[in-house]
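Keep in mind that this is a model prediction, so the values were computed, not measured.
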Amino acid sequence: MLSRDDPKIQAAALNIYSENFFYKTVVRQSGVISAAYSPDKRMMLFLLKDGLARLWDLDGNLKVKFKAPSGRITCITFSPDGKTVLTGSSDNTARLWDLNGNSKVKFKGHSGEINCIAFSPDGKTV
């Protein structure tokens, strides 16, 4: 019986991971801080060390770059319905974006950098 501690299994897993498109394109080149799958599992949202968030389809196509107008993006999440993205930023704001990269709502009033964000399960509250 093979176990995950088996060197052959570890080597195979490492090979699969290192040959993966997202690893080659995003992780190795850019440095991922955070990642999230869309609720329908058709896209991935990445927050990179450069302070930008990027939305990719699973065919490896970059769909959208999200950039805070000031500061850098510090956290990301999808809405429960997958139709919007919520970002927090170092400029003390959060933003709701459509999947075309258009900022729809800016949330102000936080007293410091936003490091964690979430939607309520029904998607009506952030």
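- The distance from the CG atom of L47 to the CD1 atom of I33 is 4.5 Å, given to the nearest 0.5 Å.
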Checklist line | Stepwise side chain to side chain contact (heavy atoms under 4.5 Å, CB included) check, K106 with K108 | finding: CA-CA 6 Å; K106 178 180 176 182; K108 300 185 289 185; 3.7 Å; yes
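- When all heavy atoms are compared, the tightest approach of D98 to N100 is OD1-N, 2.9 Å.
- Using a 4.5 Å heavy-atom threshold, the side chains of F66 and N102 count as separate.
- Judged by distance alone, with hydrogens and angles left aside, the side-chain atoms of S90 form no donor-acceptor pair with the main-chain N or O of E113 at under 3.5 Å.
- Using a 4.5 Å cut-off between side-chain heavy atoms of Ile, Leu, Val, Met, Phe, Trp and Tyr, with links allowed through other members, L62 and L52 fall into different hydrophobic clusters.
- Between P39 and F78, the closest side-chain pair of non-hydrogen atoms falls below 4.5 Å.
- If you check the side chains of R95 and S103, you find a donor sitting under 3.5 Å from an acceptor.
- A pairwise comparison of heavy atoms in D50 and R54 identifies OD2-NH2, 2.8 Å as the closest pair.
- I73 has its side chain out of reach of K67: every pair of non-hydrogen atoms, C-beta onward, lies at least 4.5 Å apart.
- You'll find the side chain of L96 reaches within 4.5 Å of the side chain of F119, heavy atoms only.
- How far CZ of F46 is from CD1 of I76: 8.5 Å, rounded to the nearest 0.5 Å.
- In this structure, V85 and L99 have side chains that are in contact, with non-hydrogen atoms separated by less than 4.5 Å.
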Margin query: L48 vs V32, test: side chain to side chain contact (heavy atoms under 4.5 Å, CB included). Steps then yes/no.
Written below: CA-CA 5 Å; L48 304 176; V32 173; 3.7 Å; yes
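- Side-chain atoms of N61 do not come within 3.5 Å of backbone N or O of K63 as any donor-acceptor pair.
- Here the side chains of L55 and M44 are not in contact, with every heavy-atom distance at 4.5 Å or above.
- A heavy-atom distance below 4.5 Å is not found between the side chains of T84 and W97.
- Pairing each heavy atom of P80 with each of S120, the nearest pair is CG-O, 3.6 Å.
- I114 places none of its side-chain heavy atoms less than 4.5 Å from the side chain of F107.
- Rounding to the nearest 0.5 Å gives a distance of 8.5 Å between CD1 of I117 and OG of S89.
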